[in-house]
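Along the sequence shown, residues are numbered consecutively beginning with 1.
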Amino acid sequence: KSVVRESDNKKIEFKRNGNIISFETEENETYYTVEFFNSEIENINIKEGDKILRPEDPYKKDFTFLGWFVDYECIVEYDFETVVSDNINLYAKWQYNYEYKRNNKEIIITKYVGNESKVNFPSTINDYKVVEISEYVIEHKENVTSIVIPDSVKRISASAFSDCNNISNISVDERNSTYDSRNNCNGIIITETNELLIGCKNTIIPNTVTTIKDSAFKECNKITEIT
């Protein structure tokens, strides 16, 4: 824990990670330390009576930042209009971007609840392989523009992405043996049968595709042309 103490000789000393750090200040001013937990935000020192300037939201892969809280359980959100009068611990609250269920040692993703425009599905969750993306995983999300499918996925519902009109880029990891996005087609093709499973408004159908699934362009309301 950081400790700040007042000094008559205009020098403030505080301890961080076992090291004593000092800086000059006005006589009789008191400074406190604000520590940010669960993130890479640097701790700061702030004068008594001032307010904390809210830092830029931190980033954590596959998580959505939900705010700063004063308790470890992240129940009480911090009010940045509060005047500082003591050392403060602030805890970042995170929400995992994917809802899922586990079937033996396999993961099935059931819902994307994040806010990022590029959805890069994970290949593993808690060391278990993600093998399936079920129906309506991404639904009614106008902000989603890009989707990336990892090599681990072996099953994708034809209705996995519903009413997402702004999707313009779809790609499959080239190591995936079940699906592909050959020729950068912006679609998902079943490799073994050469069937187009899912497309988007920018899909270019390769000559090697022999069949287009009935629901491949379902609810893609912004399509004006298919090549």
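- Residues Asn97 and Asp62 bring no donor and acceptor atom of their side chains to less than 3.5 Å of each other.
- The OG1 atom of Thr178 lies 10.0 Å from the CG atom of Asp151; values are rounded to the nearest 0.5 Å.
- In this model, a donor atom of one side chain and an acceptor atom of the other lie less than 3.5 Å apart for Lys154 and Ser177.
- Residues Tyr112 and Tyr128 share a hydrophobic cluster, clusters being chains of Ile/Leu/Val/Met/Phe/Trp/Tyr side chains in contact below 4.5 Å.
- Hydrophobic clustering, with ILVMFWY side chains joined whenever heavy atoms are under 4.5 angstrom apart, groups Ile41 together with Tyr32.
- Between Lys51 and Phe80, every side-chain heavy-atom pair lies at or beyond the 4.5 Å cut-off.
- Between Tyr91 and Phe69, the gap from one ring centroid to the other reaches at least 6.0 Å.
- A centroid separation of 6.0 Å or more is found between the aromatic rings of Tyr72 and Phe37.
- With Ile149 as the partner, the side-chain contact (heavy atoms from CB on, under 4.5 Å) test is satisfied by one option alone out of Asp173, Asn120, Ile133, Val119: Ile133.
- Side-chain atoms of Thr191 and Asp180 include a donor-acceptor pair closer than 3.5 Å.
- Of the possible polar contacts, one joining the Ser152 side chain to the Val130 backbone as a donor-acceptor pair under 3.5 Å is found.
- Formation of a donor-acceptor pair under 3.5 Å by the Asn194 side chain with backbone atoms of Thr210 is not found in this model.
- For Lys60 and Glu40, the salt-bridge test fails: no basic side-chain N is under 4.0 Å from an acidic carboxylate O.
- Phe65 and Phe63 have their aromatic ring centers separated by at least 6.0 angstrom.
- Looking only at side-chain heavy atoms (C-beta outward), Lys118 and Thr145 stay at 4.5 Å or farther from each other.
- Atom OG1 in Thr33 sits 4.5 Å away from atom CG in Asn45 (nearest 0.5 Å).
- Between Val70 and Leu90, the closest side-chain pair of non-hydrogen atoms falls below 4.5 Å.
- Placement of Val76 and Tyr78 within a single hydrophobic cluster is found when ILVMFWY residues are connected by side-chain heavy-atom separations under 4.5 Å, directly or transitively.
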